[in-house]
K.L.:
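One structure, pasted below without further comment.
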Amino acid sequence: MLAALEAVNRITGSPGTDGPTDMDTITGQYTTVVATTIEDRTPDAASRWDSPQDIPAEYDPLNRCIEEIAHFTRSYRAALEAPCIVPTYEKLGPMIPYEIGHLVPVRSESGEETGFRVPEWSDGGTLVLDHVNFSDFPAGNELEAEHEGRVDHYGEMLRRGNPLILWRERFIEARTALYREGRYGTAVTLSNTASEVLLDGLLSDVP
């Protein structure tokens, strides 16, 4: 959003402002989703998994909301053949606004409880997601002097047409699709391809 506002200011020649900004100059199609679920996490729920996106939906409110939105999006895409993107944890923006509510009893005019409850919203904030799907995130470690031999090794494999270099590339692409881009189906396909290439290379005469 900040990048879009800065681009608009540059195009229109308007100076930037720290105050409220008129959003009418930004046009485009977008969807805002408000998802509500129960906060039922236990203190040790997240400690059993390596990353937040791996926590099953039944243990994590955010992943539960993402799963339900993805379920609807997939149903909509199949029904209308719409080329839309199915949301995943990694595809979401780095910050998700949230608000915490509590169920309070509904009382009648005489002050008696009716047996119904309604949410009363109070505390809120911004949840920072733990993924690396950022446009300016470094693609890898800086090339150091000790890496020269490894780079030359894989360069020689590439020149010789060694199929193991294809396995290495598909493996890296699969990991990128899973942990950076959130393309789970693509990650599975690339993993299968990497396994097939590896087995073919091991069972054949590798140059």
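What you are looking at is a predicted structure, and each value in this text was computed from that prediction instead of being measured. Hydrogens, waters and symmetry mates play no part in the numbers below; they use all other heavy atoms, side chains included.
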K.L.:
Quick check: closest heavy atoms across P119 and L103, and the distance to 0.1 Å?
P.N.:
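The answer is N-CD2, 3.9 Å.
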
K.L.:
Any pair with a residue in residues 73-82 that passes salt bridge (Lys or Arg N to Asp or Glu O under 4.0 Å), sequence neighbours left out, goes on the list, sorted by first then second residue, please.
P.N.:
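Listed once each, the pairs would be none.
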
K.L.:
Can you tell me if CD on E112 sees more than 12 non-hydrogen neighbours from other groups inside 6.0 Å?
P.N.:
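At most 12 heavy atoms, drawn from other residues, nucleotides or ligands, come within 6.0 Å of this atom.
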
K.L.:
If you look at every heavy atom in T114 and S108, which pair is closest and at what distance?
P.N.:
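Closest approach of T114 to S108, heavy atoms only: CG2-N, 3.7 Å.
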
K.L.:
When clusters are formed by joining ILVMFWY residues with side-chain heavy atoms under 4.5 Å apart, either directly or through shared neighbours, do V33 and I96 land in the same one?
P.N.:
no

K.L.:
Minimum heavy-atom separation for Y59 to R48, with atom names?
P.N.:
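Shortest heavy-atom separation between Y59 and R48 comes out as CE2-NH2, 4.1 Å.
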
K.L.:
Hey, what do you get for CG (N162) to CD (E156), rounding to the nearest 0.5 Å?
P.N.:
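Answer for the CG-CD pair, N162 versus E156, is 10.0 Å.
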
K.L.:
Show the numbers, then the answer: is there a side-chain contact (heavy atoms from CB on, under 4.5 Å) between K91 and R183?
P.N.:
CA-CA 8 Å; K91 290 178 185 175; R183 298 185 297 144; 4.1 Å; yes

K.L.:
Please report the interatomic distance CH2(W121) to CD1(I100), rounded to the nearest 0.5 Å.
P.N.:
9.5 Å

K.L.:
Roughly how far apart are L190 CG and I172 CD1, rounded to 0.5 Å?
P.N.:
11.5 Å

K.L.:
Quick one, Y98 and T126 - any side-chain contact, counting heavy atoms below 4.5 Å?
P.N.:
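When only atoms from C-beta onward are counted, T126 and Y98 do not touch, as no gap falls below 4.5 Å.
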
K.L.:
Answer whether the closest heavy-atom distance between the side chains of L198 and L164 falls below 4.5 Å.
P.N.:
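Yes, at least one pair of side-chain atoms sits under 4.5 Å.
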
K.L.:
State, with a plain yes or no, whether a side-chain heavy atom of L199 is found less than 4.5 Å away from one of W167.
P.N.:
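Side chain of L199 against side chain of W167, heavy atoms only: no contact under 4.5 Å found.
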
K.L.:
According to a 4.5 Å side-chain heavy-atom criterion applied to Ile, Leu, Val, Met, Phe, Trp and Tyr, with indirect links allowed, do V86 and L62 form part of one hydrophobic cluster?
P.N.:
no

K.L.:
Identify the two heavy atoms, one from P52 and one from N63, that lie closest to each other, and give their separation to 0.1 Å.
P.N.:
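Looking at all heavy atoms of both residues, the closest pair is O-ND2, 2.9 Å.
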
K.L.:
In Å and rounded to the nearest 0.5 Å, what is the CG to OG distance from L80 to S75?
P.N.:
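One gets 11.0 Å once the value is rounded to the nearest 0.5 Å.
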
K.L.:
Mind listing the closest non-hydrogen atom pair of L92 and P87 along with its distance?
P.N.:
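Looking at all heavy atoms of both residues, the closest pair is CD2-CB, 4.5 Å.
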
K.L.:
Do NZ/NE/NH1/NH2 and the carboxylate oxygens of E173 and R170 come within less than 4.0 Å?
P.N.:
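Looking at E173 and R170, the cut-off is met.
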
K.L.:
Rounded to the nearest 0.5 Å, how far apart are CZ of F171 and OG1 of T193?
P.N.:
14.0 Å

K.L.:
Does a sphere of radius 6.0 Å around CG in D50 hold more than 12 heavy atoms from other residues, nucleotides or ligands, not counting ones at 6.0 Å or beyond?
P.N.:
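No - once you tally the heavy atoms of other residues, nucleotides and ligands closer than 6.0 Å, there are 12 at most.
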
K.L.:
Verify the neighbour count for atom CD1 of I38: are there more than 12 heavy atoms of other residues, nucleotides or ligands below 6.0 Å?
P.N.:
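Atom CD1 in I38 is not packed in, count stays at 12 or less.
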
K.L.:
Any idea which heavy atoms bring P61 and E39 closest together, and the distance?
P.N.:
CG-OE1, 3.4 Å

K.L.:
Do I55 and Y89 come close enough that some side-chain heavy atom pair is under 4.5 Å?
P.N.:
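Contact flag for I55/Y89 side chains = no.
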
K.L.:
Just how far is it from atom CD1 of I69 to atom OG1 of T88, taken to the nearest 0.5 Å?
P.N.:
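Those atoms lie 11.5 Å apart.
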
K.L.:
Quick check on the hydrophobic clustering: are V104 and V106 connected, directly or via other members, by side-chain heavy-atom contacts under 4.5 Å?
P.N.:
yes

K.L.:
Within the 4.5 Å heavy-atom criterion, are T73 and C84 side-chain neighbours or not?
P.N.:
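Yes. Closest side-chain heavy atoms under 4.5 Å.
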
